[in-house]
Amino acid sequence: MSSMHLSQLRKWMLASPPVEWGIHRLRELLIGALRQGPIPQHVAFVMDGNRRFARSHKIETVEGHNLGFEALARILEVCYKSGVKVVTVYAFSIENFKRSKYEVDALMEMAKIKLSQLSQHGELLDRYGASVRVLGQRDLVKPDVLKAIDKAVELTRNNGDCILNICFPYTSRDEITMAIAGTVEDYSKPISTQARPFSQTRITQKIQSRNLSTSPLRSNSPTPSSTSDVDDSVSSTTTLHAESPMGGQEGAIYPDPETITADTIEQHLLTAGDPPLDLLIRTSGVKRLSDFLLWQCHENTEVVFLDCLWPEFDLWQFLPVLVEWQWRQKHIEEKGLGSGLKKPKTKIR
Amino acid sequence: MPAASRETDIYRRDAKLDHTLLTPAEREKLIEPYLPEPPLKPSSRRRKNGKLAGIPTDGRGHSRLGVRKFLKHHLHLLVYTIIHAVFSIYIRFRQAYHGVKDRILAILYYHHRTPELIQKDVKGLSRLPKHLSIILTLQDGGRGGAGLEALVDEVAEIAAWCACTGIPMLSVYEKTGILKGYIPATHRAISRKLSSYFGPEHPAVLLRAPHMPSIESAAGTPVNGTPAPSPAVKNLNILLLSAEDGRDSLVDLTKTLAEMSQRSKLSSKDISADLVDAEISESVMGEPDLLVLFGPTVELSGYPPWQVRLTEIFHVQDNQDVGYQVFLRALYNYANAQMRFGR
């Protein structure tokens, strides 16, 4: 009984104006202080634990998601005030469609309302150069939600100072598959060859006739297989293709698939153009990536698993993570200066 | 988000009615005091400078603002320094605490190279990973043989623990891929380690790396008369991975698919997650159940991205070395079990 009174008293204390003002000042001070060190450019969050929070506090699941949204807003404030450029949040997985219809519908409705509400404050978003992007499978979203998404995205398209990526019907495998398919599609488009005043057939014939007369062995000498994009059936012309892959006599010429690199695929990902992911935070103590940003986070990203549930997540949980990240970054920097290998992160003033 | 409770209250009431209570203008007014200063756009800054140059008498107001800004900056710098000073003390203590804890656990749970003891440690676990994956790091940057030797020894140790606990599949990720050049030597080291654990009746080991010939050894034959400890698995599969099995394998797959598409053997619409998954698990490996990192933080450093989708990731904070207690804690964590002190 007394504990309830105590918690009431605590709540009342925290809500009193001077304490509130003090906390607000303290937050500002801490965020300002954080800005003095290196700041991650790209942070991702897996917002896990809304349902568990609702269950443990005996409120409705949807209410838990609402509180989760408030936590997101708080964290976004911290992130952008401290200088993070891109924040990516995992809002809804494709797998989540397997949840109860009631919950899925409520989440969709929430997304629609929040996004359309966001669109009403276009001027405010412009002032801070904030832009919203929604990453994921568009086909799985209902048309009315899609409209709200498009409106919000369209409104903020030209702002580039800070970006919020909302992963909504998203899984990373789906994203990687789409990136591969996109790359393949790009590489199956023939290169348009401009007409030149020389006839390639004539040149080929000339060379063949000369080769035949001088050394008959040369015409079928092996050529490097790097130009495997041409049809092998025209074997007599392979000698020429080693030097001029632009020859366009047997139909379409494609870009060389050997030029595909990890960067090519990266440019086809949904997060193309964003700085590399520095920090990935997952709440609620589950130590899995759950199909989130697999490609982006597997390099030098620091993955942090926290035990608190997402609606409880605030500056006080985020601060230690950020400070530790800064501390580690400084160590890497020192080591990098010693060996001159790793490049230090850019400092934000 | 307003931190103040009154505003939060209003916001929540508004949200409950699907944001019909307040007009956008009212809402903007609500959060007005909490908005940061808008970032100075180049245009506005220029305007300010122009005004300053035009009216030099206006300098007083500006300088007061400058002083305030200067003080604020220095206050922030001071707080930053204090935070980091406190933090570096804290982290030393934390590292020391974890170091002592790990040492105690290592003493309490030492395997003594006895399979029975290891089997006893994991007896109560409700489930074991079918496929365990570990990330190891080469210590001295590959110079000199010491780092390589340590790495081979670590692989052999962990392979032996897996054989004792009954994990049939182990994949070892090491970024540089140096181990792939020493497959026969590694295989010999593992076999030696296994026979030191099990005696003559040790399990068969299949060591391989993607796109490389595998090396297989037969199980040791039981010697009649002496009751030798029997391993929990008869065959142990070990897979060596490196950075090139990660993104590069996906890139290679894309190259192949692009080539096929250029010869119109396939359309880009045929590419599905299932197809990619089938190809990747065929050429590299399937999804591991548990990934154990022996470093102080979770940094995947190039680990195959496609496969870690649902893998449990385990690491011990501030841990540096490859120890049996880390391995055991990972298994306990995977089975959602509590570690109890004493056996």
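Protein chains get the first letters and strands the later ones, always in sequence-line order, with residue 1 at the start of each.
Heavy atoms of A:Ser172 lying under 4.5 Å from chain B are absent altogether. Neither the backbone nor the side chain of A:Phe292 comes within less than 4.5 Å of any heavy atom of chain B. Only the backbone of B:Tyr303 comes within contact range of chain A, with at least one heavy atom under 4.5 Å from a heavy atom of that chain. At a 4.5 Å heavy-atom cutoff, B:Leu275 makes no contact with chain A through either its backbone or its side chain. Interface remark: A:Leu67 contributes side-chain atoms only to the contact with chain B (heavy atom separation under 4.5 Å). Proximity to chain A is limited to the side chain of B:Asp277, based on heavy atoms less than 4.5 angstrom apart. Proximity to chain A is absent for every atom of B:Lys269, based on heavy atoms less than 4.5 angstrom apart. Both the backbone and the side chain of B:Leu310 have a heavy atom closer than 4.5 Å to some heavy atom of chain A. Contact annotation for A:Lys330: only side-chain heavy atoms (C-beta onward) come within less than 4.5 Å of a heavy atom of chain B. Of the atoms belonging to A:His268, not a single heavy atom falls under 4.5 Å from chain B. Heavy-atom distances place the backbone of B:Thr311, and not its side chain, under 4.5 Å from chain A.
In terms of modelled atom types and a separation under 3.5 Å, the side chain of A:Gln36 and the main chain of B:Leu78 share no donor-acceptor contact.
To the nearest 0.5 Å, the span separating OG on B:Ser88 from CH2 on A:Trp327 amounts to 8.0 Å. Atom CD of residue B:Glu299 and atom SG of residue A:Cys297 lie 10.5 Å apart, to the nearest 0.5 angstrom. Distance OH/A:Tyr187 to CD/B:Glu259: 12.5 Å, rounded to 0.5 Å. A:Ile260 CD1 to B:Leu250 CG: the interatomic distance, rounded to the nearest 0.5 Å, is 12.0 Å. Considering NE2 of B:His73 and CZ of A:Arg35, their distance stands at 11.0 Å, rounded to 0.5 Å. Summarising the geometry, atom CD1 belonging to B:Ile313 is positioned 4.0 Å from atom CG belonging to A:Leu289; distances are rounded to the nearest 0.5 Å.
Nearest heavy-atom pair across A:Pro255 and B:Gln262 is O-NE2, 2.9 Å. Nearest heavy atoms, B:Phe87 versus A:Pro320: CE1-O, 4.4 Å. The minimum heavy-atom distance linking B:His84 with A:Val323 is given by the pair CE1-O, 3.7 Å.
With respect to chain A, the highest number of heavy-atom pairs below 4.5 Å among B:His76, B:Gln307, B:Lys175 belongs to B:His76. Taking chain B as the reference chain and counting heavy-atom pairs below 4.5 Å, the highest number among A:Asp174, A:Leu319, A:Ile265, A:Val286 is found for A:Ile265. Chain B forms the most heavy-atom pairs under 4.5 Å with one residue out of A:Leu72, A:Ile180, A:Thr264, A:Thr261, and that residue is A:Ile180. For the set B:Ala258, B:Pro296, B:Ala243, B:Pro304, the entry with the most heavy-atom pairs within less than 4.5 Å of chain A is B:Ala258. In terms of heavy-atom pairs under 4.5 angstrom with chain B, the leader among A:Glu185, A:Gln326, A:Arg173, A:Met178 is A:Arg173. Of the listed residues (B:Ser272, B:Ser261, B:Gly302), the greatest number of heavy-atom pairs within a distance under 4.5 Å of chain A belongs to B:Gly302. Between chain A and the options B:Gly246, B:Pro305, B:Ser301, the largest number of non-hydrogen pairs under 4.5 Å is found for B:Pro305. Of the listed residues (B:Asp252, B:Leu75, B:Val79), the one with the most heavy-atom contacts under 4.5 Å to chain A is B:Val79.
Applying the 6.0 Å contact sphere to CH2 of A:Trp316 captures more than 12 heavy atoms from other residues, nucleotides or ligands.
Between B:Arg94 and A:Glu324, at least one side-chain nitrogen of the basic residue sits less than 4.0 Å from a carboxylate oxygen of the acidic one, meeting the salt-bridge criterion. Using a 4.0 Å cut-off between charged side-chain N and carboxylate O, B:Glu287 and A:Arg288 make no salt bridge.
The shortest side-chain heavy-atom distance between B:Val298 and A:Val304 does not fall under the 4.5 Å cut-off. Residues A:Leu30 and B:Ile83 meet the side-chain proximity criterion, which asks for heavy atoms closer than 4.5 Å.
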| field | Stepwise side chain to side chain contact (heavy atoms under 4.5 Å, CB included) check, B:Val308 with A:Leu294 | value | CA-CA 7 Å; B:Val308 280; A:Leu294 300 175; 3.9 Å; yes

| message | Would A:Lys287 and B:His315 count as a side chain to side chain contact (heavy atoms under 4.5 Å, CB included) here? Give the steps. | response | CA-CA 10 Å; A:Lys287 296 190 167 88; B:His315 90 296; 5.6 Å; no

